[in-house]
Amino acid sequence: MQKVTTVNQLRNLIRQWRKKGLSIAFVPTMGNLHSGHIKLVREAKKQADRVVVSIFVNPTQFGAGEDFENYPRTERVDEDKLTEASVDLLFLPTIFEIYPNKASTRVSVGDLAALHCGAYRMGHFDGVATVVTKLFNMVQPDIAFFGEKDFQQLAVIRNMVQDLNIPVEILGVSTEREKDGLAMSSRNGYLTAKERAIAPKLYQALCMARDEVLQTKAFKTIEKENSTLLESEGFKVDYFSICNADNLQLATENDKSLVILVAAKLGRPRLIDNITFSKK
Ligand code: PAF
């Protein structure tokens with residue numbers, strides 16, 4: 001695996017690949033890699049001749065009081081995992097490389113950024129959209145891979161490439177879970193042993209809610225009962241919402257393609273998860 005830290009080095013290598021007619025897949029990450037990230041890499045390797053991974057903890061997507069300073073930075077271990085996964089190129093830029101001019105130009109996401117997580121993390125999705133646009137301009141991949149665990153982020157990025165005519169195909173990859181159902185996340189490491197034992201209840205509630213939707217129970221009742229259940233287990237629920245999977249608006253009884261989105265704090269970390277399914 002080659003490793004570069006500047007945009008110039010990155011572009012030189014990519015230019016050489018392009019000259020040979022090779023296709024390029026891109027997996028942007030913030031590091032602290034787990035099996036979910038490696039699954040993205042594996043999918044990327046199936047779809048392109050070369051795979052580029054970036055590790056960059058992006059300050060513009062963290063709000064005041066969030067964990068930017070303490071976000072786990074585990075570059076050495078991450079590099080080993082990426083080498084083992086046969087990644088071709090690791091891009092490890094500094095903050096100055098990505099934001100040399102304090103980035104006064106931003107990508108503004110619009111309505112989708114105000115929903116769900118956006119309502120609790122002001123400016124978060126604009127920060128994600130800005131850095132992903134910049135990384136796309138630097139790497140210029142044919143195809144890029146994102147985890148479905150961050151369902152709203154994936155929707156934001158899909159909208160963004162469409163709205164801004166960015167010529168990159170976006171692929172979502174299904175969530176990697178621990179044996180007990182907990183969605184893998186870099187922030188799971190913040191859980192205490194006691195909280196870790198409770199955490200799988202988030203996905204259990206999603207599965208139960210999906211079954212209740214399919215048994216045609218009223219959406220509002222399902223949302224309320226499952227939020228109350230999670231609160232009784234020790235979660236602080238931001239939202240538990242049954243939505244239209246295409247536009248992420250609250251679902252109506254006529255919607256067929258559905259996603260249930262949940263975000264809840266458990267001790268220090270705020271966990272998010274979702275479940276998608278179709279209704280007849
Ligand atoms: O999902 C993430 O890890 C980040 O939001 C991303 C897409 C790498 C942008 O910083």
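Each ligand, and each atom within it, is numbered from 1 in the order the structure gives.
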For ligand 1, list every N/O pair with the protein closer than 3.5 Å, one pair per line with the distance.
unit_1, atom_1, unit_2, atom_2, d
ligand 1, 1 (O), Gln153, NE2, 2.8
ligand 1, 5 (O), Gln61, NE2, 2.9
ligand 1, 5 (O), Gln153, OE1, 2.7
ligand 1, 10 (O), Gln61, OE1, 2.6

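- Pairs of residues two or more places apart, or lying in two chains, that qualify as side chain to side chain donor-acceptor pair (under 3.5 Å) and include a residue from residues 209-228 are Glu212-Asn226, Lys217-Glu225, Lys220-Glu223.
- A salt bridge links Arg18 with Asp142: at least one charged nitrogen is closer than 4.0 Å to a carboxylate oxygen.
- Residue pairs meeting the side chain to side chain donor-acceptor pair (under 3.5 Å) criterion with at least one partner in residues 149-165, sequence neighbours excluded, are absent.
- In this structure, the side chain of Lys81 does not engage the main chain of Ile38 through any donor-acceptor pair within 3.5 Å.
- Sequence neighbours left out, not one pair with a member in residues 258-268 passes salt bridge (Lys or Arg N to Asp or Glu O under 4.0 Å).
- Formation of a donor-acceptor pair under 3.5 Å by the Lys39 side chain with backbone atoms of Ser174 is found in this model.
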